[in-house]
Amino acid sequence: MEHIALSKEAAKEGMVLLKNEGEVLPLKKGSKVALFGKAAFDYVKGGGGSGDVTVSYTRNLYEGFRTLADRVVVLEELAQFYRKNVQEQYAAGKEPGMTEEPEVPEELLRKAKAFTEIAVISICRFSGEGWDRDSKDFELTSQEAAMVEQVKSAFEKVIVVLNVGGIVDTEWFKEDPCIQSVLLAWQGGMEGGLAAAELLVGEGSPCGRLADTFAKKLSDYPSSDNFHDSQDHVDYTDDIYVGYRYFETIPGADKKVNYPFGFGLSYTSFSLSKPVVEKRGEKIFVRLEICNTGRVSGKEVVQVYYGAPQGKLGKPAKVLAAFQKTGLLQPGETQTAVLSFDVNHMASYDDLGKVAKSAYILEKGPYRFYVGTSVRNAAEADYVLTLEEDIIVEQLSSKLAPVQLQKRMLSDGSYESLPMGAPVDTDANILEPLKLGDVDGLTPVVRFRDRYVLWKPDQSKHKLAEVAEGSLPMEEFLGQLSDEELAELLGGQPNTGVANTFGYGNLPEYGVPSIMTADGPAGLRILPECGVHTTAWPCATMLACTWNPQLAEQVGEAGGAEVKENNIGAWLTPAVNIHRSPLCGRNFEYYSEDPFLTGKMAAAMVTGIQSNHVAATVKHFALNNKEENRKNSDSRASERAIREIYLKAFEIIVKEAKPWSIMSSYNIINGHRASENRELLEGILRDEWGFEGMVTTDWWTGGEHYKEVKAGNDVKMGCGFPERLLQAMEQGVLTRREMEVCAKRVLELILRVDL
């Protein structure tokens with residue numbers, strides 16, 4: 001019950017109040033409401049695919065209001081119309097979240113109008129792994145639009161609740177005076193309906209802030225132009241200008257925004273003192289006071305942005321540098337906030353050599369700082385840091401450079417041409433390549449093991465416990481394994497217990513156990529037929545909207561405890577890809593359009609999970625921003641965009657939370673599969689960032705196993721192909737040493753897990 005209560009509190013803290021004119025919300029005690037929209041019953045707790053969770057129950061919005069019957073009265077006859085309709089659609093084969101909006105009978109509408117002046121409209125959306133959204137999913141359906149018009153014409157007060165997992169159209173209510181209040185309730189896990197109802201009646205004040213920019217139209221996002229152009233590739237021509245970096249920088253783009261990044265209303269009000277900004281050592285410090293000037297308690301989020309000089313590289317107008325959520329402030333209470341960040345974090349990556357090729361650079365000129373409660377209302381501080389010369393912060397070497405991306409956006413909205421490199425050498429297979437259809441869904445082989453007596457172990461074989469005790473070097477342990485045993489260790493192992501995503505290890509004669517994995521990221525997903533129910537947490541986007549890393553760590557710790565309780569050693573979460581486009585069908589699993597917010601929130605999640613001595617598995621590394629043809633789609637991006645936007649969250653997590661495992665992604669990056677990409681997995685992840693954990697592939701990738709081993713991808717899931725590894729050894733393109741390097745990291749992960 002503690003975990004369920006935490007799930008509800010996290011949901012409440014991540015809900016964003018977008019609109020509240022005339023103080024319609026919170027509903028006064030004794031209010032009567034008429035619930036419109038099938039989403040009052042067709043509640044979506046989270047997305048589909050690996051993000052689904054088997055739960056003992058979910059609580060929809062209607063049930064949430066019924067739980068609060070002492071505060072609000074619901075028109076039951078109208079509610080039962082929707083309940084019956086949704087049940088009939090389910091019985092006819094409609095999936096939850098995918099039902100159609102029914103037409104409300106005129107008689108019911110008249111009864112509702114006579115019953116109350118307050119209508120609550122619920123709209124839901126459902127998406128999942130393996131498919132992407134389109135404009136029809138972004139906008140209201142014709143049935144929904146008709147229902148909204150019916151309600152607006154009949155009721156004086158209209159409240160909208162959005163049960164969605166990603167960005168949706170907000171233009172239909174933004175300036176409409178007939179719709180007074182809108183609560184972005186996201187997908188709130190198993191208690192999301194009650195969480196929304198509690199906020200609507202004033203049990204708590206909304207304190208979520210947007211982790212994405214909500215533009216007026218889908219076409220206003222620069223990524224929309226070519227998102228569905230090709231199944232084979234996506235050109236990231238928007239470059240580093242993703243989300244608010246685009247809308248706050250590109251001339252005229254600011255006028256396309258309905259709700260800016262970081263925005264969110266409250267039932268109370270806050271004042272911020274004039275910030276004191278100063279440089280001390282190699283850090284920028286910001287100090288200010290936040291006072292609750294309203295009539296009820298609440299929380300505020302302080303956000304600090306920097307604006308770097310345009311220089312030769314061009315920069316976004318503002319970039320998030322630090323944030324802090326206050327505690328629960330009572331009316332009249334003040335809290336002092338001190339925020340800080342490294343000066344070097346303001347550096348930009350020069351991939352073309354305009355200042356210094358392949359280096360992070362602080363260009364000379366003025367660096368300005370902005371403090372506020374959203375990117376749009378952050379006011380410029382008095383302090384300006386002026387650099388007299390360019391500073392090379394970190395000299396690197398070129399990696400993941402594009403070969404087929406022809407142009408990229410600049411800060412003035414124009415485009416520059418990019419050099420077209422030589423095609424990537426993909427190292428043609430020495431073996432007849434496996435086709436995707438041949439490997440999809442294959443399970444690990446259950447291999448025969450020689451019988452032995454447990455209490456009389458074979459003394460000729462060293463056991464992994466000796467390595468754990470420090471009495472045997474890992475190299476010596478590995479040296480005793482045959483080539484076949486090494487090869488087997490580098491693939492997924494059969495399920496045991498409640499697991500359904502296979503495991504690692506499984507060399508019992510050497511004392512190597514099977515460590516099982518389980519999907520996430522919105523809760524532990526295990527075999528439903530086991531009868532074991534787990535907690536469904538709010539979707540990752542909703543957690544990001546809490547802007548509360550401490551809360552994310554609590555969720556991670558609680559979720560990790562359930563993982564451990566079910567004898568699972570590695571939880572396949574968090575997922576931290578960037579919300580480049582609202583159309584990505586898996587955005588609900590990801591946190592934000594901003595890599596800094598994503599990195600900080602997910603790093604806290606990893607810390608919480610691994611406090612249970614089970615492994616977090618950060619995914620999908622990297623540029624997995626589209627689901628259609630995800631196993632063969634080439635993500636074409638500049639090296640600067642890759643480093644500053646799409647890898648930055650992973651970098652923050654690796655350096656701050658030290659995850660034990662990372663999952664490489666399905667997709668191709670600039671012509672080279674992520675799972676086979678040594679520049680990504682060894683050059684950047686390990687050599688530059690110092691990652692010391694294990695890398696697993698995503699399940700049933702299109703990559704060749706021996707190439708993945710050579711790239712530093714330690715395990716191939718859901719199953720490996722040991723026979724192909726041995727053939728590659730025979731052909732001289734894979735060495736035993738390369739297999740031992742990967743096997744060592746697999747065993748080190750197993751030694752870390754404590755079940």
Side-chain angles (χ1 to χ4, degrees), residues 397 399 427 430-431 462-464 466-468 470 472-493 503-507 510-513 515 517 569-570 615 617-618 621-622 650 654 658-665 672-698 701 703-717 719-753:
S397 59
K399 295 180 177 67
D427 299 325
I430 58 161
L431 312 174
H462 289 294
K463 304 298 184 288
L464 189 60
E466 297 173 62
V467 179
L472 181 73
M474 177 67 82
E475 288 70 20
E476 188 173 337
F477 177 85
L478 289 168
Q480 69 181 329
L481 301 182
S482 68
D483 292 346
E484 291 80 4
E485 289 164 336
L486 267 181
E488 289 176 11
L489 194 57
L490 303 186
Q493 303 301 321
Y504 313 133
N506 191 30
L507 290 175
Y510 296 95
V512 178
I515 298 298
T517 68
T617 307
V618 187
F621 193 60
F650 290 97
V654 167
K658 303 186 184 309
W660 297 354
S661 182
I662 280 179
M663 182 192 298
S664 60
S665 55
H672 202 155
R673 287 193 181 278
S675 63
E676 299 175 351
N677 198 322
R678 189 172 180 83
E679 286 189 355
L680 176 69
L681 303 180
E682 291 290 347
I684 294 177
L685 178 62
R686 292 191 170 101
D687 295 344
E688 292 184 13
W689 300 349
F691 177 66
E692 296 179 346
M694 187 203 81
V695 175
T696 175
T697 68
D698 206 335
T701 70
E704 173 60 63
H705 195 175
Y706 80 85
K707 292 184 181 180
E708 291 169 340
V709 171
K710 290 175 73 67
N713 211 318
D714 305 307
V715 171
K716 188 171 185 64
M717 295 294 280
C719 64
F721 294 88
E723 68 284 355
R724 295 177 74 83
L725 296 182
L726 297 175
Q727 290 176 45
M729 286 184 67
E730 292 174 2
Q731 295 291 328
V733 296
L734 179 67
T735 67
R736 178 182 170 92
R737 176 57 185 161
E738 288 170 324
M739 289 204 296
E740 285 182 343
V741 168
C742 291
K744 179 175 182 287
R745 293 191 284 243
V746 176
L747 295 176
E748 286 173 341
L749 174 69
I750 291 172
L751 288 173
R752 284 174 160 176
V753 172

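If you read the sequence from its start, that first residue is 1, and numbering goes on from there. Only heavy atoms go into these numbers, but all of them, side chains included; no hydrogens, no water, no symmetry mates.
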Practice problem: Applying side-chain contact (heavy atoms from CB on, under 4.5 Å), name anything that partners Thr735, two or more places apart in sequence or on another chain. | Solution: Arg737, Glu738
Self-check item: side-chain contact (heavy atoms from CB on, under 4.5 Å) against Ala743, all qualifying residues, sequence neighbours excluded
Solution: Leu478, Leu486, Leu489, Leu490
Quiz item: For Glu679, what residues pass the salt bridge (Lys or Arg N to Asp or Glu O under 4.0 Å) criterion, not counting sequence neighbours?
Solution: none
Practice problem: List for me each residue that meets side-chain contact (heavy atoms from CB on, under 4.5 Å) alongside Arg678, sequence neighbours excluded, and say none if there are none. | Solution: Glu682, Ala711
Exercise. Answer whether the closest heavy-atom distance between the side chains of Leu749 and Val715 falls below 4.5 Å.
Key: no
Practice problem: List for me each residue that meets side chain to side chain donor-acceptor pair (under 3.5 Å) alongside Thr696, sequence neighbours excluded, and say none if there are none. | Solution: none
Quiz item: Got a sec, which residues hit salt bridge (Lys or Arg N to Asp or Glu O under 4.0 Å) with Glu723, two or more places apart in sequence or on another chain?
Solution: none
Self-check item: ring pair (Phe, Tyr, Trp, His ring centres under 6.0 Å) partners of Phe650, counting only residues at least two apart
Solution: Phe621
Quiz item: Does a side chain donor of either Thr701 or Glu708 reach within less than 3.5 Å of an acceptor in the other side chain?
Solution: yes
Quiz item: Excluding sequence neighbours, so at least two apart, what forms side chain to side chain donor-acceptor pair (under 3.5 Å) with Asp714?
Solution: Arg686, Arg745
Quiz item: Do the side chains of Ile684 and Trp689 get nearer than 4.5 Å, heavy atoms only?
Solution: yes
Quiz item: In chain order, what residues pass the side chain to side chain donor-acceptor pair (under 3.5 Å) check against Glu740, with sequence neighbours excluded?
Solution: Arg736
Quiz prompt | Residues forming a side-chain contact (heavy atoms from CB on, under 4.5 Å) with Glu730, sequence neighbours excluded | solution = none
Exercise. Taking salt bridge (Lys or Arg N to Asp or Glu O under 4.0 Å) as the test, write out the residues that go with Glu485, two or more places apart.
Key: none
Quiz item: Okay, side chain of Lys658, backbone of Glu692: is any donor-acceptor separation there less than 3.5 Å?
Solution: no
Quiz prompt | Non-hydrogen atoms of Ala570 and Thr617 that approach each other most closely | solution = CB-OG1, 4.2 Å
Self-check item: Set of residues satisfying side chain to side chain donor-acceptor pair (under 3.5 Å) with respect to Lys744, sequence neighbours excluded
Solution: Glu748
